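Just below is one structure, and these are the notes that go with it.
Predicted, not measured: the structure shown is a model, and the values here were computed from it. By convention here, the first residue in the shown sequence is residue 1.
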Amino acid sequence: MAIAHTLGRRRGTQLRRIAAIIAVWAAGGLTASTASAQQTAASIDDLVRHAAARFAEARDRKPAADGGDRQWLSGPALSLTLDDAVKMALDRNLDIAVQRLNPQVYDFALASLKSIYRPTVSSLIGDQHQTAAPLTLLTGGALVTTHTGTVNGQLTQNLPRGGGNLNVTWDNNRVSTNSFFYNYNPAYNATLNAQYTQPLLRGLHADAARQQLAITKVNRAISDLQLQSVITNTVTSVRDAYWDLVLAVEAIDVAKTSVDLAHRLVDEDQKRVEAGAMTRLDLVTATSQEATDRHTLVVAEGARRTAELALKRLLVAGPADALWRATIDPVNHPDDRPLTIDLEAALKRALSDRTDLAQAKQQVAANNATIQYLRDQTRPQADVVASYGLAGLGGAQLVRAGDLQGAAAFTAPVVGTIPGAYGGALSSLFKHDYPTWGVALNVTYPLGYSAARAEAARAQVQANQVIAQTHQLEVQVVTEVTDSAISARNAFDEIDAAKQARDLAEQKLDAEQKKFGVGLSTNYLVVQAQKDLADARNAVLRAQITYQKALVDFERAQQTTLQSAGVMVISPAGLALPAVGSGRPSLAAPSGTFIP
């Protein structure tokens, strides 16, 4: 008796509460009906009957979302496994395609820098005609004309080791003139000169060209690491998006199950109302829950479309890709089996394989190249310049009469000619008839505290900061890997707890349905048990997907990170950078027109 009295009092309280809710809903959503009811002084029972009819009409109508889904899912169905999605992303993802081009950019940059050590060949071919004004007796006549044909060549090369520079010139000309003072007419001149400049201190081990070459090589290696990072992050995003789609698909199944349960309860309540065993207010409660579950189903279908679009964005190769029109049906389902997590092995792998740590180490190498260059700039400049030259002379030699000693040589007439040509010039050149050689040492030492020393000191301080930043990054890596392992363990534990809650919710709903069948429970408690069961099933599904995504994040944490390394880049700011060697301009080798 006490139990029946308590249930009756509770039912009366719930009925009054639901009646008040229905009245508020009718006042907000059915303004016209409410106004009419106020004018005719309709009873609460009329409002309940009207609301029940509205809910029944809404239930019988086919949801607009179904037609929308048929239109949205009109494309071909594509059953896709997780591995197939990853392979498709590796082949077609546009982020990966863009990143793959960066190493090629650095390859061309390396080729451009290496070209400074390629030999450079230049040539000069010319013809010159000159008429000299007879200013002095040494002009050689009253109207002296000289015709010079020139064919010159030059080879220049910077050496990659030691910072040396080699310059070789090969000059040839033919001179014909009516000047009295020429001994050869026409005269052929051939000269071969070689000059080598070698820095002994500054520029011996490092210079601007070698520093830029080393930094570009590091950037080339970093571009490979960045490509690896983009690939890893893309694969992680694909896996996360795939599991999000699985969650959305299975959430639809949970929502449909809830709709079916609510619909069966409405049918049972309808029969009870028709038999007079239940009031219309209880029918409104069940019908309202069915409408709520249908709305949840519509929301779940919209979430599925959003999740599918997010996955497609990672898999398509462009806006014309046929995958946009396909309907993806995920094949894989979450696996509840525990994965053994070896944290020590994961930390070792992360410290050796993480791309951000590798990028930091590469950047440290680039900084070391800059520091070496800046330190080299503080040294005195001492260059050895060695040169060696050969000259050859040939052509038609003029024979003069008389004694060619003293001033008589200037007035002696030409009495004959010894034939000759360009071969004579080459012959005398290779016989070393007219050699020229020299060695010089150029030394420059700045007095006082130079700008180069200040730059080197600044770079050393920054290098110490870089070391601290690298250690800081290692601590961040250890923290991130450990945190992802803890998250995976917590996510797995949540699965068991969620399953226990789901089982209890199923038992509770079964008990409430049996009690409701014998009149020991209320319609409201059955509806509440249905809601609790739907929430519990969604909680299990979310826990399973969270565990799968936690495993994906744990794998990613051992290979790469979504953040940049954040290591300082040292630059030789404020210094004028020479091209190669010590930067001292080399002595010019003899070239141009040679007139004996």
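What you find for Val316 and Leu94 is that their closest heavy atoms are O-CG, 4.1 Å. Contact between Asp356 and Leu473 at its shortest, heavy atoms only, is O-CD2, 3.7 Å. Scanning all heavy atoms of the two residues, the minimum distance from Leu314 to Ala241 falls at CD1-CB, 4.1 Å. Contact record, Thr232 with Arg556: CG2-CG, 4.5 Å, taken as the closest heavy-atom pair. Summarising the geometry of Ala536 relative to Ala505, their closest heavy-atom pair is CB-CB, 4.0 Å, with the distance given to 0.1 Å. Looking at every heavy atom in both residues, Leu315 comes nearest to Ala85 through CD2-O, 3.3 Å.
Of the possible donor and acceptor atoms, one in the side chain of Thr479 sits under 3.5 Å from a partner among the backbone N and O of Val475. Remark: side-chain polar atoms of Tyr242 are paired, donor with acceptor, to backbone N or O of Leu80 under 3.5 angstrom. Listed for the Arg325 side chain is no donor-acceptor partner under 3.5 Å among the backbone atoms of Pro76. Side-chain atoms of Asn538 come within 3.5 Å of backbone atoms of Ala534 as a donor-acceptor pair (strictly under, hydrogens ignored). Formation of a donor-acceptor pair under 3.5 Å by the Ser112 side chain with backbone atoms of Ala109 is not found in this model. Remark: the backbone N or O of Ala286 is not paired with any side-chain donor or acceptor of Glu290 at under 3.5 angstrom. The backbone N or O of Leu225 lies less than 3.5 Å from no partner atom in the side chain of Ser229, so there is not a single donor-acceptor pair. Side chain of Ser115 to backbone of Arg118: no donor-acceptor contact under 3.5 angstrom is found. Side chain of Asp244 to main chain of Ala307: no donor-acceptor pair is present (N/O by atom type, distance under 3.5 Å, no hydrogens or angles). Between the side chain of Glu308 and the main chain of Ile328, a donor-acceptor pair closer than 3.5 Å is present.
A salt bridge does not link Arg264 to Asp267: none of the charged nitrogens lies less than 4.0 Å from a carboxylate oxygen. A salt bridge between Asp207 and Arg210 is present, with a side-chain N of the basic residue lying under 4.0 Å from a carboxylate O of the acidic one. Taking a cutoff of 4.0 Å between a charged side-chain nitrogen and a carboxylate oxygen, Lys348 and Glu344 do not qualify as a salt bridge. Asp83 has no carboxylate O lying under 4.0 Å from a charged side-chain N of Lys87, or vice versa, which leaves the two without a salt bridge. Salt-bridge check for Glu301 with Lys256: failed, with every basic side-chain N at 4.0 Å or more from each acidic carboxylate O. Taking a cutoff of 4.0 Å between a charged side-chain nitrogen and a carboxylate oxygen, Glu494 and Lys499 do not qualify as a salt bridge. Here Glu268 does not pair with Lys271 in a salt bridge; the nearest charged N to carboxylate O distance is not below 4.0 Å. A salt bridge does not link Lys312 with Asp321: none of the charged nitrogens is closer than 4.0 Å to a carboxylate oxygen.
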- Message: Would Gln472 and Gln476 count as a side chain to side chain donor-acceptor pair (under 3.5 Å) here? Give the steps.
- Response: CA-CA 6 Å; Gln472 184 182 30; Gln476 178 183 343; over 6 Å; no
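In this model, no donor atom of one side chain and acceptor atom of the other lie less than 3.5 Å apart for Gln530 and Ser258. Residues Gln544 and Gln548 have side chains that never bring a donor and an acceptor to within less than 3.5 angstrom of each other. A donor-acceptor pair shorter than 3.5 Å cannot be found between the side chains of Asn233 and Thr236.
Open room surrounds CZ on Arg313; 12 or fewer heavy atoms of other groups in view lie less than 6.0 Å from it. More than 12 heavy atoms of other residues, nucleotides or ligands lie within 6.0 Å of CZ in Arg272, so this atom counts as buried by the packing criterion.
Taking CD1 from Ile486 and CZ from Phe554, the interatomic distance works out to 10.5 Å, rounded to the nearest 0.5 Å. Of the inter-residue distances, the one linking Asn367 atom CG with Gln372 atom CD reads 13.0 Å to the nearest 0.5 angstrom. Put simply, CG on Leu551 and OG1 on Thr546 are 11.0 Å apart, with the number rounded to the nearest 0.5 Å.
If you run side chain to side chain contact (heavy atoms under 4.5 Å, CB included) between Ile215 and each of Val218, Asn219, Leu213, only Asn219 comes through.
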